[in-house]
Engineer: 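Mind looking over this structure? Questions follow.
Naming convention: chains lettered A, B, ... in sequence-line order (proteins, then strands); numbering from 1 in each chain.
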Number of protein chains: 2
Amino acid sequence: MAKPPSLQDVARTAGLSPATVSRYLNGSLSLPPETAGRIDHAIETLNYQPNPHARSLSRGRSDTIGLLVPEIDNPFFARLAAAVEREASAAGLSLMLYSSLNRKERELHYLERLRRNFVDGLIFATNHVDDGELTAAIGRSSNVVLVDEDIDGVDAPKVFSDNVAGGRLAARNMTSAGHRNLAFIGGPEGIMSSRERLAGFREEAAMAGAEVTVALFGAYSIHHGRDALRQLLDWHPDVTGVFVASDELLFGALETLRDRKIPMGGGLSLVTFDDAGPLAFLDPPVTAIRQDVAGLAREAVSALRGRIAGIEDPPVARVPVELVERRSVSPLV
Amino acid sequence: MAKPPSLQDVARTAGLSPATVSRYLNGSLSLPPETAGRIDHAIETLNYQPNPHARSLSRGRSDTIGLLVPEIDNPFFARLAAAVEREASAAGLSLMLYSSLNRKERELHYLERLRRNFVDGLIFATNHVDDGELTAAIGRSSNVVLVDEDIDGVDAPKVFSDNVAGGRLAARNMTSAGHRNLAFIGGPEGIMSSRERLAGFREEAAMAGAEVTVALFGAYSIHHGRDALRQLLDWHPDVTGVFVASDELLFGALETLRDRKIPMGGGLSLVTFDDAGPLAFLDPPVTAIRQDVAGLAREAVSALRGRIAGIEDPPVARVPVELVERRSVSPLV
DNA sequence: GTGAAAGCGCTAACAC
DNA sequence: GTGTTAGCGCTTTCAC
């Protein structure tokens, strides 16, 4: 591997100074066609590519942003990563992918990279409750945007799904099918998404004269989904419709249904949240509140770019969700 | 935001030269405890963090590797990304995530970044047939490792699942349940994974006196899965077991089964490949050949690190696959 | 319109 | 053990 050509080399073979070539390349200069041609030609023949590290060092930024998620192999975050990469790439930014495994030390670690300009900004998704340390660390960094889940007290642009509206849509779908005795299986109690999804669900249910009898909080996990539904069936056998606050929870719930030989839909009506998994292929296909992951990514990248450019964005963007009606809610006769 | 402290600052407040501090930080030096203490203290009080770009520029490498996949929001690649990130992070490497959308220009683009030392190495997954341009580009770069799918003629370390063994496992599972008339629904015909999975399937079937009557190639897509199974049912109604070469294809096939009201298992026995989706939650749960994604990632990162360090690895690593038996294959009586 | 020169923050000879 | 010096390859004043 020969040493790659530098700007110097290009300048030399074009008979110009590095400075001129640099400016030309960065568009901060319009050269006479003849000169420009010489440069282009030199670049071509040398097969020149700028060295991004030198560039970053010199400019103090890297045109690279980071995305920090709890775990990439969770269909929702996988889709988020894909969408963020797409947006970033379209904006000329590269994406560093970090996974925190929901552990605070790792989150703090990655915030440090931001502080050192390793990345120009960080899109931050977490879903555990914070004891304040994270809030403080984020406070110290500018150029962070929170996505998907809030952290109390953080002063940064935030991009969330409209969870309340999602809860409402779920409730409306069930109540209009005649369900009156409803339940909610959610994520951690302290967390925004759980709270808001339940709030919307409850409000809208009440408006239709229905009631949310039980709310079971826990981890956003298959495990909790399974156990919560078991508990629900044991203790509240008269519930006919349940709103499950994530795909993970749904899969757990499905296990319980299968164990008890209760058919989804006919036996118990279900609506889930996320719609990141292959819900259309389940039997019956599962009605879901679909998060607009592309929209979240778009807003998040745009907010981050604004932040990097020093523009003040509106503090919180809410991205609409959508009801995808399939066949897991049966009319109650 | 005040300007962050530099190595210079640390050196100054510790009463040393930058060089000494640098060496100390890089472990290429053991200092008398007193001196070391002064440095540590200075770092502490200044809250110093090294600037990675300066470091990269100076050292000519960035301790960052790239992962290029067709699409991140495909459960298999999402899991691969997660596992690669984990391995990289454990080895002190950061991960840049690129998605090619299976488009050659994008793949070439990212190879350029490698050439320019933006990343020290690249783990490359693609699944389209190459016209030679890619082969050439990869040939020009060292520090590429191919994962998951081969590109003909590329000279680079390669890490693949043991597709042939996977095909065999699928065949054995079906033949021992009594199936004799089998079919294969695969990905693109020209591609290694398709070829090998079919080859193993066919060989092992033959050994049990069964026959693979049909092999339907196409994209690794839901669409192809759906259409292929339709075609299969129309033209070869006597087939009783089909081996579907990816989860995507499976989901397509499930659509067709549902349309035709054919129960999976009882009506038609199915085995799939990948096991990256929530197959355990389908009804019935689907038997699959499971790729060891963590193993693929481990081998790939290790091969890449070896390559970066100038060590010659064995050219091709094969990662074992595993049969996960569920209930989509019924005994044929 | 173009060039010279001084950095960006770090590492790596080479000295002592 | 520690300091001096010279880059790494680019951008960016400041001149002309």
Engineer: Taking atom P of C:dC8 as reference, at what distance in whole Å does atom CZ of A:F118 sit?
Structural biologist: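 Taking CZ of A:F118 and P of C:dC8, I get 21 Å after rounding.
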
Engineer: Checking all strands, does A:T35 fall into the base, sugar-phosphate, or nothing category for heavy-atom contacts under 4.0 angstrom?
Structural biologist: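 Counting heavy atoms under 4.0 Å across all strands, the contact made by A:T35 is with sugar-phosphate only.
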
Engineer: Could you report the tightest heavy-atom contact between B:A82 and A:I72, atom names first, then the distance?
Structural biologist: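 Scanning both residues, the minimum pair turns out to be CA-CD1, 3.8 Å.
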
Engineer: For A:L122 and A:Y110, which heavy atoms make the closest approach, and how far apart are they?
Structural biologist: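 So the minimum-distance heavy-atom pair works out to CD2-O, 4.2 Å.
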
Engineer: CG of B:L80 to CG of B:L67: how many Å apart, nearest 0.5 Å?
Structural biologist: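 B:L80 atom CG to B:L67 atom CG measures 5.5 Å (nearest 0.5 Å).
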
Engineer: Check this for me: B:R305, atom CZ, are more than 12 non-hydrogen atoms of other residues, nucleotides or ligands nearer than 6.0 Å?
Structural biologist: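 Result for CZ/B:R305: open.
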
Engineer: Is it true that, when you exclude B:E44 itself, more than 12 heavy atoms of the residues, nucleotides or ligands shown sit nearer than 6.0 Å to its CD?
Structural biologist: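 No, CD of B:E44 has 12 or fewer neighbouring heavy atoms, counting only those of other groups under 6.0 Å.
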
Engineer: Rounded to the nearest Å, what distance is computed from the CZ atom of residue A:R12 to the P atom of nucleotide C:dG3?
Structural biologist: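 In whole Å, C:dG3 P lies 14 Å from A:R12 CZ.
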
Engineer: Can you give one letter per nucleotide of nucleotides 9-16 of chain C, going 5' to 3': B for a protein heavy atom under 4.0 Å from the base, S for sugar-phosphate only, - for none?
Structural biologist: BBBBBB--

